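Here is the structure we will look at.
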Amino acid sequence: MRTFLDSVRDTLGKARHVVVFTGAGMSAESGIPTFRDALTGLWSQYEAERLATPEAFRRDPALVWGWYEWRRLRALQAQPHEGHVALAAIERHVGRMTLITQNVDDLHERAGSREVLHLHGSLHAPRCSRCGQAHALSTVWPGEPEGGRRLAPPACVACAAPVRPGVVWFGESLPADVLQRAAAAADDCDLWITVGTSGLVYPAAELPQRAARAGAQLVQINPQATPLDDWYAHRLRSSAATVLPQIAALLHEPG
Ligand code: BV8
Ligand code: ZN
């Protein structure tokens, strides 16, 4: 671990532009199940990939809206952990840092990260499925819905069509401006740190490979192996809340 941190300290100290790329594993230690953890309760018989689609919402809006509301309210109930706080500290101490997340919770923002690129949207930005009008939802936690339940989506105040979650579903394009800014960061950075992603979902999973091709040094923090491991010069089999505070501490060590 020490040699890993020594090599990260050298690169971090000299880095002109650091990118941190996070997936669902970044939120795991805040109590938010990762995307591929078994779905529970009402949704246990579904695969996440089959629920997170426009077709699933068209077929059974209450099933899908209920799942997202359960996840949104769980995210409201969760707290950022010391790994989220460490990333906000690193952002304040390096020349330039871009935080790119696949996650749809707001834990990075609540920990103080200033510039967060949400490739897959946000649980906290529901909008009309027809006219796109933003829709305000209560942020008061009503208590654990019993194992989760079907919930009919609210109607848009402007056109009465069903409101949908503000996330990017499978088969939907990522927001072009966000993807363009993330690709530009991959082309420009000299250090890329991936935390907590299985590297299965595209085009997000393409970004670390793009950074490697542009000459960045790649570091991965994940307790498990992933299909993209070979792209990483440094692979640390550990967790976000364990390693990120140690990396942030490197920035406070005397030179
Ligand atoms: C699209 C929002 C174009 C919803 C999500 C090639 C090119 C382009 C597309 C494709 C392609 N091949 C296949 C596709 C289609 C598809 C895709 O990638 N499918 C996969 C399953 C093969 N991609 C798409 O559909 C994308 N759209 O390309 O559009 C287009 C458009 C129109 C017409 C034609 C084409 C859209 C993808 C976005 C989907 N939406 N999220 C929601 O959240 O409900 S993706 C979803 O998966 C989440 O965002 C999640 O973040 C993401 C990736 O999963 P991970 O974050 O990696 O989470 P996972 O659970 O898998 O892994 C967790 C990891 O953490 C593990 O490795 C674990 O070991 C680790 N871990 C656990 N604990 C810790 C930890 N690490 C550190 N610390 C810990 N404590
Ligand atoms: Zn509308």
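Position 1 is the first residue of the sequence; numbering continues from there. Start at 1 and go down the list; that is how both ligands and their atoms are numbered. Remember, it's a predicted structure, so these values are computed and weren't measured experimentally.
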Within the protein, is there a heavy atom lying under 4.0 Å from [atom]?
atom: atom 36 (C) of ligand 1; answer: yes
atom: atom 46 (C) of ligand 1; answer: yes
atom: atom 42 (C) of ligand 1; answer: yes
atom: atom 14 (C) of ligand 1; answer: no
atom: atom 31 (C) of ligand 1; answer: yes

Using a 4.5 Å cut-off on heavy atoms from C-beta on, say whether the side chain of Y68 contacts that of L151. no
Contact between Q220 and L236 at the side-chain level, heavy atoms closer than 4.5 Å - yes or no? no
Closest heavy-atom contact between [X] and [Y]?
X: L119; Y: L174; value: O-CG, 3.4 Å
X: A240; Y: E29; value: N-OE1, 3.4 Å
X: R235; Y: D229; value: NH1-O, 2.9 Å
X: R110; Y: L76; value: NH2-O, 3.8 Å
X: A216; Y: L191; value: CB-N, 4.3 Å
X: E109; Y: V116; value: OE2-CB, 3.6 Å

Taking 4.0 angstrom as the limit and counting only heavy atoms of [X], give me the atoms of ligand 1 inside it, by number and element.
X: T34; answer: 60 (O)
X: A28; answer: 73 (N)
X: Q224; answer: 69 (O)
X: T197; answer: 55 (P), 56 (O), 57 (O), 64 (C), 65 (O), 67 (O)
X: G23; answer: 56 (O)
X: W169; answer: 36 (C)
X: N103; answer: 51 (O)
X: E172; answer: 1 (C), 26 (C), 27 (N), 29 (O), 31 (C), 36 (C)

Would you say CZ of R237 has more than 12 non-hydrogen atoms from neighbouring residues, nucleotides or ligands within 6.0 angstrom? yes
Would you tell me which option among [options] has the nearest heavy-atom contact to [atom]?
atom: atom 70 (C) of ligand 1; options: V168, N222, V104; result: N222
atom: atom 22 (C) of ligand 1; options: V195, L200, T53, L119; result: L200
atom: atom 53 (C) of ligand 1; options: R71, E206, Q102, H81; result: Q102

Before you tell me yes or no, could you show the steps for R92 and E115 under salt bridge (charged side-chain N to carboxylate O under 4.0 Å, His left out), namely the whole-Å CA-CA distance, both residues' side-chain angles and the distance that decides it to 0.1 Å? CA-CA 11 Å; R92 290 191 295 272; E115 187 200 343; over 6 Å; no
Could you identify the single nearest non-hydrogen protein atom to atom 9 (C) of ligand 1 and state the distance to 0.1 Å? Y202 O, 3.8 Å
Nearest protein heavy atom to atom 25 (O) of ligand 1, by residue and atom, and its distance? G171 N, 2.7 Å
Could you grab the angle centred on the Zn ion (ligand 2), going from SG in C131 to SG in C128, to 10°? 110°
Do the charged groups of R213 and E206 touch, with an N to O distance under 4.0 Å? yes
Should the pair E47-R50 be classified as a salt bridge under the 4.0 Å nitrogen-to-oxygen rule? no
Between ligand 1 and T22, can you find any atom pair, the residue atom being a heavy atom, that is separated by under 4.0 Å? no
